[in-house]
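Report on the structure given below.
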Amino acid sequence: MKSYRQELWFHALTRRAFINITPQVEECLRVSGIQEGLCLVNAMHITASVFINDDERGLHQDYDDWLEQLAPHEPVGKYRHNRTGEDNADAHLKRQIMGREVVVAVSGGRLDFGPWERIFYGEFDGRRRKRVLVKIIGE
Amino acid sequence: MKSYRQELWFHALTRRAFINITPQVEECLRVSGIQEGLCLVNAMHITASVFINDDERGLHQDYDDWLEQLAPHEPVGKYRHNRTGEDNADAHLKRQIMGREVVVAVSGGRLDFGPWERIFYGEFDGRRRKRVLVKIIGE
Amino acid sequence: MKSYRQELWFHALTRRAFINITPQVEECLRVSGIQEGLCLVNAMHITASVFINDDERGLHQDYDDWLEQLAPHEPVGKYRHNRTGEDNADAHLKRQIMGREVVVAVSGGRLDFGPWERIFYGEFDGRRRKRVLVKIIGE
């Protein structure tokens, strides 16, 4: 069994952002040389997500509106977590909706995707450098 | 290390549906001959889910009502994604709540389930043929 | 390839609870002797979650309030599932928001975590003994 590990760094300039990280994950897989296996991609931070969906700008705006409706950033004082001096409680909630991680099949040396599947980093408390972990195991 | 790959096709006749796909996944595992490992089951489409819960019709109706409340199909014009000519933005949102994939332990040649765990395909934009990927690795 | 399997039992005394299970999972990994691989941790019950987030009490109260707002326990009669004699339909919904499972990379014999990542058992229908499955594969 082979294994491969890589950290990817991202720095969103806004509080919230969706970044297509598929090319970086594909590059990790190429470097790993793994042909058959599983590829885990997870946010290493608890106010961010990794998820798979469509690379369509309108949809990303819909996600942003929807998440803000389900778990609004303001008023920041309504969240107990923010009494610790943070203002990012909503980001911890939004991340649970969008998920921490994806596991992607590796088949024939490629990410085994359906036609529109792309991997995104979802940032809900940005404006600083944060990491995604890629771990691939297989042969 | 062994690996096994199979696509399962489903054609829901309604826009939304929940289909118990446990027997098909169990059959994949049997054919794979894998005794110990991990089994990934994921929707290959971004308006569908694979999730694990109870095979109880009333609960599925509760899920449908609840998802429709959290991310209503109509008015379709309220979603930016639908300006691309689609009417399925809500399906992309619902799928994030229910999830893209499950990873199930394989132990002693069986799906290592708790007493009520069953695998479902959740369709949120049906009336066409769509796929689920099963990838099993182990020994 | 090595594999390791362990069940962890929990008995929350309240209907809803969040329990940090990171030490138990770390102990599983130590016993397994696996250095590189993937660690699956999943609820074996369909009214409970395993998720990764912050070990901060205020945040957990925020989660509880938020989940109760998105999928209220009462009135129990509004859920079709509860006509089967259950009163836990809301728990099946809450569990979908928080997720069934996490997959954690194993690197150098350790859970490959970001700075604040901790694993939690999320109970939404407690007051009885329930199980979490830990399955680790690798070398």
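- Within the 4.5 angstrom heavy-atom criterion, atoms from both the backbone and the side chain of C/Glu117 approach chain A.
- How far CE of C/Met1 is from CD of A/Glu139: 10.0 Å, rounded to the nearest 0.5 Å.
- Contact of A/Thr84 with chain C is made through the side chain alone, with heavy-atom distances under 4.5 Å.
- Scanning all heavy atoms of the two residues, the minimum distance from A/Ile137 to C/Gly37 falls at CG2-CA, 4.0 Å.
- Between the OG atom of A/Ser3 and the CD1 atom of C/Ile34 there is a distance of 11.5 Å, given to the nearest 0.5 Å.
- For A/Ala43, the part lying under 4.5 angstrom from a heavy atom of chain C is the backbone only.
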| field | Test log, rule side chain to side chain contact (heavy atoms under 4.5 Å, CB included), inputs C/Asp65 and A/Arg80 | value | CA-CA 10 Å; C/Asp65 291 349; A/Arg80 288 185 186 82; 2.7 Å; yes
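- Your options are C/Phe113, C/Tyr63, C/Trp116, C/Trp66, and the one with the most heavy-atom pairs under 4.5 Å with chain A is C/Trp66.
- Using a 4.5 Å cut-off between heavy atoms, C/Leu70 touches chain A through its side chain atoms alone.
- Proximity to chain C is limited to the side chain of A/Arg131, based on heavy atoms less than 4.5 angstrom apart.
- Separation of atoms CD1 (C/Ile52) and CD1 (A/Ile46) is listed at 10.0 Å; rounding is to 0.5 Å.
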| task | Take A/Gln96 and C/Leu67 through the side chain to side chain contact (heavy atoms under 4.5 Å, CB included) test and state the conclusion after the steps. | result | CA-CA 11 Å; A/Gln96 291 306 122; C/Leu67 292 168; over 6 Å; no
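- Two residues are said to be in side-chain contact when any heavy atoms from C-beta on lie closer than 4.5 Å; C/Asp112 and A/Arg5 meet this criterion.
- Of the atoms belonging to A/Leu93, heavy atoms from both backbone and side chain fall under 4.5 Å from chain C.
- Using a 4.5 Å cut-off on side-chain heavy atoms (C-beta onward), A/His81 and C/Asp54 make contact.
- Side-chain contact between C/Asn53 and A/Arg100 is absent, with no heavy atoms from C-beta onward closer than 4.5 Å.
- Closest heavy-atom contact between A/Leu40 and C/Val104: CD2-C, 4.0 Å.
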| query | How far apart are the C-alpha atoms of C/Glu36 and A/Lys135, what are their side-chain angles, what is the distance that settles it, and do they pass the salt bridge (Lys or Arg N to Asp or Glu O under 4.0 Å) test? | reply | CA-CA 10 Å; C/Glu36 298 292 325; A/Lys135 184 88 181 188; 2.5 Å; yes
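- Interface remark: A/Glu101 contributes side-chain atoms only to the contact with chain C (heavy atom separation under 4.5 Å).
- Both the backbone and the side chain of C/Val102 come within contact range of chain A, with heavy atoms under 4.5 Å apart.
- Here A/Arg83 contributes atom CZ and C/Arg57 contributes atom CZ; the two are 13.0 Å apart, rounded to the nearest 0.5 Å.
- Considering every non-hydrogen atom in both A/Ala89 and C/Asp62, the closest pair reads CB-OD2, 4.1 Å.
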